[in-house]
Protein chains: 2
Amino acid sequence: MDSTVAREQALDAAERLFYGRGVQSVGMDDIRGASGVSLKRLYQLFPAKEQLVEAYLERRDVRWRQRLAEHVRRHEDTLERLLAVFDWLEGWFGEADFRGCAWINAYGELGATSPRVVAQVRDHKRAFRDYLAQLVADAGLDAALTAPLFLLAEGAMVTAGVTGSTEPAAEARAAARVLLRAG
Amino acid sequence: MDSTVAREQALDAAERLFYGRGVQSVGMDDIRGASGVSLKRLYQLFPAKEQLVEAYLERRDVRWRQRLAEHVRRHEDTLERLLAVFDWLEGWFGEADFRGCAWINAYGELGATSPRVVAQVRDHKRAFRDYLAQLVADAGLDAALTAPLFLLAEGAMVTAGVTGSTEPAAEARAAARVLLRAG
DNA sequence: TTGACGTGAGAACGTGCGTTCTCCTAGGGT
DNA sequence: ACCCTAGGAGAACGCACGTTCTCACGTCAA
C-alpha cells in the first residue's frame, strides 16, 4: 500500500474517531482497526500519538475553512457573504455527526497538557477571525464589527455542540444582521 | 477529621486540580495529596472518580452563579445590570488561574463518554441563559434579546480561555450595548 | 535460488491509574 | 488494662493503552 494512501486512511480514521469520541478515549489500536493501517506503519507515519492528533487538527483546519469559504463565495453581495457564514454554520450544526467545534473540544481535552494543541487551536481561531475581518473589510464596514461577529459565531458553535440544536446559528445570524445595520 | 470537612477539602482540591489541569490528567492520588484526605476516605465520600467530578461541577455551578448574581445585584439600573454581566466576565477572565469555562472544557474532555457530565453542562448553561432572560425581562426588554446576549457571553468565555486575554469581555459588552439600544 | 528487506499480525513490555486490600496506630468505652 | 472500631499510609491488583518487539511471509535484486 502506498505511503500517502496509508497516511490519508489513517487521518480519515483519526478524524472520525477523535472528533466523535474524543482523543483520549481512542487508542492507537482503534485507529489501526478503523483505518486498516498496521501499527508499524502508523508509527512510521506518526512517531507518536500526539503527532497524529496534530496532523488531524491541521488537516481538518484546512478543510473546514475551505468548506466555509466555498459556501460564502457562492454569494455575490458582500453583506450577504457575512450572513452566509451563519447559514453555513447552521448546515454544519445539522450534520449527523456534529459534536461541537473540534478545536474547542480539543482545547478542553488537551489544552492543559499540550501547548502545541493550544497553539493549533489559537491558530485556527485566529485564521477564522481574520477571515471574518476580510469579509467585513470587503463589505466596506467598520473593522470593529469583526469582534462581535466572531464572538457570536463562537458562542453558536459551543451552544450547538452542548445542546445538539441548530438553533444557535439562526440566533447568531439574526443578531449579526442587527449589528450590521446598526454599525 | 469531620466528614463534612473532609468532603469540602476534597472538593477544594478537586476543583483546583480538575479545573487547572483537566480531569483526566489528575489522578485520585493527586487529589489525596492536595487535599490531605486519605484514599479510603475519598472513596467513602465519592464511590468513584466520576462522582467526584460531578460533585465538583455541581458545587462550582452554584458558586459561579452566586458570584455573578452578587456582582449584578450591586447595580440598581436594570439596563446596567445586563451590562454588568460582561463586567463580571472581564474580572473573571483576568483571574490568575483562569483557564476558560469549566463546563465547556468538561464537555470537550468528557462529553463524548459521559452523558451525566453532558447533562450537567447543559443544566449549567441553561441556568445561565435563564438568568440572562430574567435580567432581560426585568429591564422590560424584548425576550428575543436573551439569545444574542447569551451567545456573546459564551463566545467571550471560549475566546478568553483559548487566547488568555480579557479583551473578549469588553468586545462582548460593546456589542451587547449596541443590541440593547437597537432592540 | 537465495538472501536482504519491508510489512502485517499480534504478542509483549512498561507505565499510569482507578480501585481495593493490608497492616498498623490511636482513641474510647467498659 | 483490654478490646473494638475507625482511619491513615501505602502496597497491591487489574486493566487500559502507548510503544516496541517477534516472527513469519512475500517481494525483488543478483
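The figures that follow rest on heavy atoms only: side chains count, while hydrogens, waters and symmetry mates do not. Note on naming: letters A, B, ... go to the chains in the order of the sequence lines (proteins, then strands), and numbering restarts at 1 for each one.
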What is the distance, to the nearest angstrom, from the CG atom on A/D29 to the P atom on D/dT19? 13 Å
Using whole Å, what does the distance between atom P of nucleotide D/dC17 and atom CD of A/E50 come to? 18 Å
For A/S114, all residues meeting side chain to side chain donor-acceptor pair (under 3.5 Å), sequence neighbours excluded: A/E50
Could you check how far CZ of A/R32 sits from P of C/dT7, rounded to whole Å? 17 Å
Is any side-chain heavy atom of A/R32 closer than 4.5 Å to a side-chain heavy atom of A/V37? no
For the pair B/D97 and B/R16, find out whether any cationic side-chain nitrogen is under 4.0 Å from an anionic carboxylate oxygen. no
Euclidean distance, atom CE of residue B/M28 to atom P of D/dG10 [Å, nearest integer]: 18 Å
Would you name the heavy atoms of B/A175 and A/P148 that are closest together and state the gap between them? CB-CB, 3.5 Å
With a 4.0 Å cut-off on heavy atoms, is A/V37 in touch with a base, just the backbone sugar-phosphate, or nothing at all? nothing
Geometric class of the A/F98/A/F93 ring pair [parallel <30°, tilted 30-60°, perpendicular >60°]: tilted
Please tell me which of the listed nucleotides, D/dT22, D/dA9, C/dA11, lies nearest to the side chain of B/S38? D/dA9
Ionic contact status for A/E95 with A/R67, cut-off 4.0 Å: yes
Quick one: is the NZ or CZ of B/R60 closer than 6.0 Å to the six-membered ring centre of B/Y19, and within 45° of its axis? yes
Please list residues of residues 41-49 of chain A whose heavy atoms come under 4.0 Å from any atom in DNA chain D, ordered by number; otherwise none. A/Y43, A/A48, A/K49
Which nucleotide in the list C/dT20, D/dT20, D/dG8 gets nearest to the side chain of A/L39? D/dT20
If I take atom CZ in residue B/F18 and atom P in nucleotide C/dC17, what distance separates them, rounded to the nearest angstrom? 12 Å
A/L52 has an atom CG; how far is it from atom C1' of D/dT19, in whole Å? 14 Å
To the nearest angstrom, the CG-P distance between A/D2 and C/dG6 comes to 16 Å
Could you tell me the separation between the NZ atom of B/K40 and the C1' atom of C/dT22, rounded to a whole number of Å? 9 Å
